[in-house]
Amino acid sequence: MKALWHERYGEPREVLRLVDLPPEAPAAGEVVLQMEAAAMHIADVRTVQGVPGLAKPLPRTPGYEGVGRVVRVGPGVAGWREGDRAFPPIGCGTFREEVRVPAAGLVPAPEGDPLQLAFLSINPPTAWCLLHDFVPLARGEWLVQNCANSNVGRYLTVLARRAGVRTVAVVRREELAPELRALGADAVLVDGPDLAARVREATGAAAIRLGIDAVAGSGTQRIADCLADGSRLVVYGAMSHEPCRLEFYSLLFRDVTVCGFSTTRQLQTRTPDERRRLYLELAALVADGTLPAKVAREYPLAEGVEAFEHALRVGPDRPGKIVLRCR
């Protein structure tokens with residue numbers, strides 16, 4: 001059984017290697033999944049590098065999410081049998097051919113493209129929670145988001161459209177506009193110092209109560225400037241690799257509230273049944289093509305190191321995510 005193996009922190013080329021491990025037998029309450037595909041995130045790269053807050057006990061196999069099929073069932077497991085398709089628990093080390101996990105942590109996966117379904121566990125619920133958990137937007141209201149060409153941004157645009165919420169998609173390149181409008185964005189604007197004025201023009205000076213920032217740095221202030229007094233600004237990323245910069249007077253005089261976002265934390269506010277229902281609803285939308293992820297490239301597991309290096313090269317406007325084909 002082949003797996004990417006991580007024994008010390010550093011750059012992927014230096015610390016990752018492909019190894020052969022013996023097949024594992026599931027213990028009581030466990031199953032073994034044969035992984036079909038596993039999504040790669042920047043968090044996977046940072047975990048291998050040992051960035052504080054993301055470092056994990058070593059040795060291990062990296063990989064936060066993916067999709068696979070049950071190939072072995074341990075004693076006492078009910079409701080799962082060989083051949084069933086499932087999403088494994090987040091963070092279980094999916095960059096391998098097989099992964100042994102507790103059966104209680106599985107979520108049923110529908111039929112469909114494994115490269116698309118590999119992204120189900122993190123990006124779609126992130127977009128859902130950003131849309132629904134912070135400001136109760138009514139139909140016809142607006143939100144504004146930067147990094148709108150990311151997969152989270154794309155999912156958010158589609159989910160907002162389905163909920164009747166209008167969106168301003170902020171990007172770095174004009175040529176992205178047709179694609180995002182096709183997904184349902186009501187306005188697509190190139191980021192810049194006069195962003196707030198252009199947002200007011202595009203929305204008819206609507207009172208925007210929700211801003212979503214994945215850039216940080218000066219991007220935080222530009223999104224804040226687009227918002228109405230008393231609004232909420234949610235920061236879920238820092239693609240600029242800079243601290244959020246926000247003028248004190250945006251807080252003092254305009255009562256803009258800034259909060260950080262963690263997908264794990266937001267999901268933990270829901271019961272296990274609520275999380276399961278959310279995943280099943282989103283999985284159906286991914287499987288039928290309603291929620292499409294943009295894939296830059298797929299790599300076989302044997303080229304996992306090259307996949308990590310590709311992930312390091314791309315930025316906020318990359319043409320999609322990296323996926324490992326595990327079988």
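Model, not experiment: these values are computed from the prediction. Heavy atoms only: backbone and side chains are in, while hydrogens, waters and symmetry mates are out. Here, residue 1 is the first one in the sequence, and each next residue gets the next number.
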Just list the side-chain donor-acceptor pairs under 3.5 Å for residues 196-208, sequence neighbours left out, or say none.
unit_1	atom_1	unit_2	atom_2	d
Arg198	NE	Asp194	OD1	3.0
Arg198	NE	Asp194	OD2	3.4
Arg198	NH1	Val190	O	2.9
Arg198	NH2	Val190	O	2.7
Arg198	NH2	Asp194	OD1	3.1
Thr203	OG1	Val199	O	2.9
Thr203	OG1	Ala206	N	3.3

Should [X] and [Y] count as side-chain neighbours, where that means a heavy-atom distance under 4.5 Å?
X      : Y      : answer
Arg173 : Val171 : no
Phe261 : Thr126 : yes
Arg85  : Glu36  : yes
Arg69  : Glu82  : no
Arg325 : Leu115 : yes
Arg222 : Asp191 : yes
Ser262 : Gln268 : no
Arg327 : Glu97  : yes

Quick check on the hydrophobic clustering: are [X] and [Y] connected, directly or via other members, by side-chain heavy-atom contacts under 4.5 Å?
X      : Y      : answer
Met239 : Val144 : no
Ile90  : Leu278 : yes
Ile322 : Leu312 : yes
Val235 : Trp128 : no

Carboxylate-amine/guanidinium proximity below 4.0 Å for Arg72 and Glu98: yes
Holding to salt bridge (Lys or Arg N to Asp or Glu O under 4.0 Å), I want the full list of residues that pass it with [X], two or more places apart in sequence or in another chain.
X      : result
Glu179 : Arg154, Lys294
Asp133 : Arg270
Glu174 : none

Set of residues satisfying side chain to side chain donor-acceptor pair (under 3.5 Å) with respect to Thr167, sequence neighbours excluded: none
Under the side chain to side chain donor-acceptor pair (under 3.5 Å) test, residues paired with Arg275 that sit two or more places apart: none
Pair Asp288-Thr290, side chain to side chain donor-acceptor pair (under 3.5 Å): steps then yes or no: CA-CA 6 Å; Asp288 70 12; Thr290 301; 2.6 Å; yes
Atom of Gly304, atom of Met40 and distance for their closest heavy-atom approach: O-CE, 4.4 Å
Under 4.5 Å side-chain linkage, directly or through intermediates, the cluster mates of Met35: Val31, Leu33, Val70, Val73, Val77, Trp80, Val99, Val101, Leu106
Hydrophobic cluster of Val71, others only, ordered by chain and residue number, side-chain cut-off 4.5 Å: Val32
side-chain contact (heavy atoms from CB on, under 4.5 Å) assessment of Tyr64 paired with Asp44: CA-CA 7 Å; Tyr64 277 95; Asp44 291 300; 2.9 Å; yes
Arg46 atom CZ, over 12 foreign heavy atoms within 6.0 Å: yes
With sequence neighbours left out, what residues match [X] under ring-ring contact (aromatic ring centres under 6.0 Å, His included)?
X      : value
Tyr299 : His310
Phe248 : none
Phe308 : Phe95

Check against side-chain contact (heavy atoms from CB on, under 4.5 Å), Cys259 and Phe134: CA-CA 9 Å; Cys259 61; Phe134 296 91; 3.7 Å; yes
Side-chain donor or acceptor of Glu309 paired with backbone N/O of Glu306 under 3.5 Å: no
Under 3.5 Å donor-acceptor, Tyr236 side chain and Gly260 backbone: no
Chi angles and distances behind the side-chain contact (heavy atoms from CB on, under 4.5 Å) call for Glu7, Leu58: CA-CA 6 Å; Glu7 294 180 307; Leu58 300 180; 5.7 Å; no
Report, one line per pair, each donor and acceptor closer than 3.5 Å where one atom sits in a side chain of residues 224-233; sequence neighbours left out.
unit_1	atom_1	unit_2	atom_2	d
Asp225	OD1	Gln221	NE2	2.8
Asp229	OD1	Arg254	NE	3.4
Ser231	OG	Ala228	O	2.7

